Amino acid sequence: RGERRSAMSERQDFGADQTDRPARRDALLTVADVLAEPVLQAGSPEVIVGGRALDAEVRWAHVSDSAAVARLLDGGELLLSTGAGWPSDARELRSFAQALHRAGIAGIVVELGSGHARVPDPVIDVCVEVELALIALHAEIKFVTVTEAVHRALIAAQTDALRERQRLHELFTALSLQGAPADVVVSETAKALGAPVVLENLAHEVIALEALRMPVAEALRDLGEADRVPVQARGVRWGTLLALPGPAHPAGRLTVLEQGASALAFGCLADGGDAEWSVLAQSGIIDDLLGARFASPDDIAARLAAGGFAVADR
C-alpha cells in the first residue's frame, strides 16, 4: 500500500483504498475485558476458545437462546445464552455456529446447566476453525448484570477516548502553531503512544526516529509490523509516519499517529515543502554519533543505513 517512488514529495490523488492504515482500529472493549469483569468471573468461566479470539471488539451484549438469533445481530455482539433453544442435530449445530460467525459476533458465552451440561462439540469445532471466542460458565449468573457491566464499560471507554482525543488535539495543535521541528513531533508522538515512532520520506529513508527504550537496530528491523499513516495535505504526500506495536491507547493508536502526521504535514505546508527534512536526517545522525547516544555498533550501522548511508562491508 502507498508505494513511495522517489525521495521528493509527489502530488497525487488518494482514493479511499489508497491508504496505509490497517483496517482494524483499537477496540474500546474486547472479549477479554468483559471476561475480566467481576460479574462474569462470578460464573466460574472456562475459556474454551481464547487466544487472539479474546481480542475481538465487543459492541454490545445480546441475550438469546433462539436458534435463529443470527438474523437479529448486526456484528460485534457478545452472545449470552444457556443454549436451551439451540438445535440438537450436529449438522444444524454447525450451521448455527457458522451463522453466528457470519453475523460478525465477538464471541459466545454459554451458561451450562439448564440448556447443556457441556458445550456441544460441533459448536466448539466451528469456533476453533474460525477463531471465535467461546466461553462456558459453570455457575449461574444474571445475564442482565453482564449487559449492564458491558454498557458501563463502553460508556467509560468512550468518555476516556473523547478526553484523550481532546488532549491530543491540543498537544499537536500547539506543536503546529509553535513550528515544532519534525523530530520533536516524532518524539511527542512516541511518548503519547508509549512505542517507537519513525518518520520516513518517500524513499523509505528515516528522517527522524524516537526509539524510546528499544535499541535502534531492533526498532528499524521491526518496521514491517508497524502501523503507518501518510504525511500528506492538499494532495501532496511527503512521507510516512510509523509506530511499532505498543500498548493500547484510549483514543486509539491510529488516532494518535494521525494527529502526529497532521502536525508534520502542517509543518511542511508552512515551510513550503520537506527541504528541512534532509538537513534534519543528516544532522540527527551526526548529533547522535557525537553524543554517543547509540547503544551498539549495530545501532549505528542500522541508523546510517536507514538514512541512506549503508556501511555494511565497507
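Values reported hereafter were calculated over all heavy atoms of this structure, with side chains retained and with hydrogens, waters and symmetry mates removed. Remember, it's a predicted structure, so these values are computed and weren't measured experimentally.
To the nearest 0.5 Å, the span separating CG on L168 from OG1 on T255 amounts to 8.0 Å.
Side-chain heavy atoms closer than 4.5 Å link hydrophobic residues (I, L, V, M, F, W, Y) into clusters, and following such links, possibly through other members, connects L199 to L257.
The neighbour count for E129 CD, taken as heavy atoms of other residues, nucleotides or ligands under 6.0 Å away, is above 12.
Under a 4.0 Å N-O distance rule, the pair R163/D160 qualifies as a salt bridge. Remark: E170 does not engage R167 in a salt bridge, criterion side-chain N to carboxylate O under 4.0 Å. Classification of R152 and E37 as a salt-bridged pair fails, no side-chain N sitting under 4.0 Å from a carboxylate O.
Across all non-hydrogen atoms, the minimal contact from L280 to A182 is CD2-CB, 3.6 Å. Annotation for I124 and V49: closest pair O-CG2, 4.5 Å, computed over non-hydrogen atoms.
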### Task
Check the pair I141, E111 against side-chain contact (heavy atoms from CB on, under 4.5 Å), reporting the backbone distance first and the verdict last.
CA-CA 8 Å; I141 61 174; E111 185 180 88; 3.8 Å; yes
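The shortest side-chain heavy-atom distance between P120 and W86 falls under the 4.5 Å cut-off. Between L223 and E200 the shortest side-chain heavy-atom distance falls below 4.5 Å. Side-chain contact between W277 and V231 is present, with heavy atoms from C-beta onward closer than 4.5 Å.
In the model, T30 has no side-chain atom that pairs as donor or acceptor with a side-chain atom of D55 under 3.5 Å.
Between W60 and H151, the ring planes lie perpendicular to each other; the angle is over 60°, past the 30° to 60° tilted range.
A donor-acceptor pair under 3.5 Å links the side-chain atoms of D299 to the main chain of A217, judged by distance alone.
For the side-chain contact (heavy atoms from CB on, under 4.5 Å) criterion with L134, the lone passing option out of V109, V126, I48, V31 is I48.
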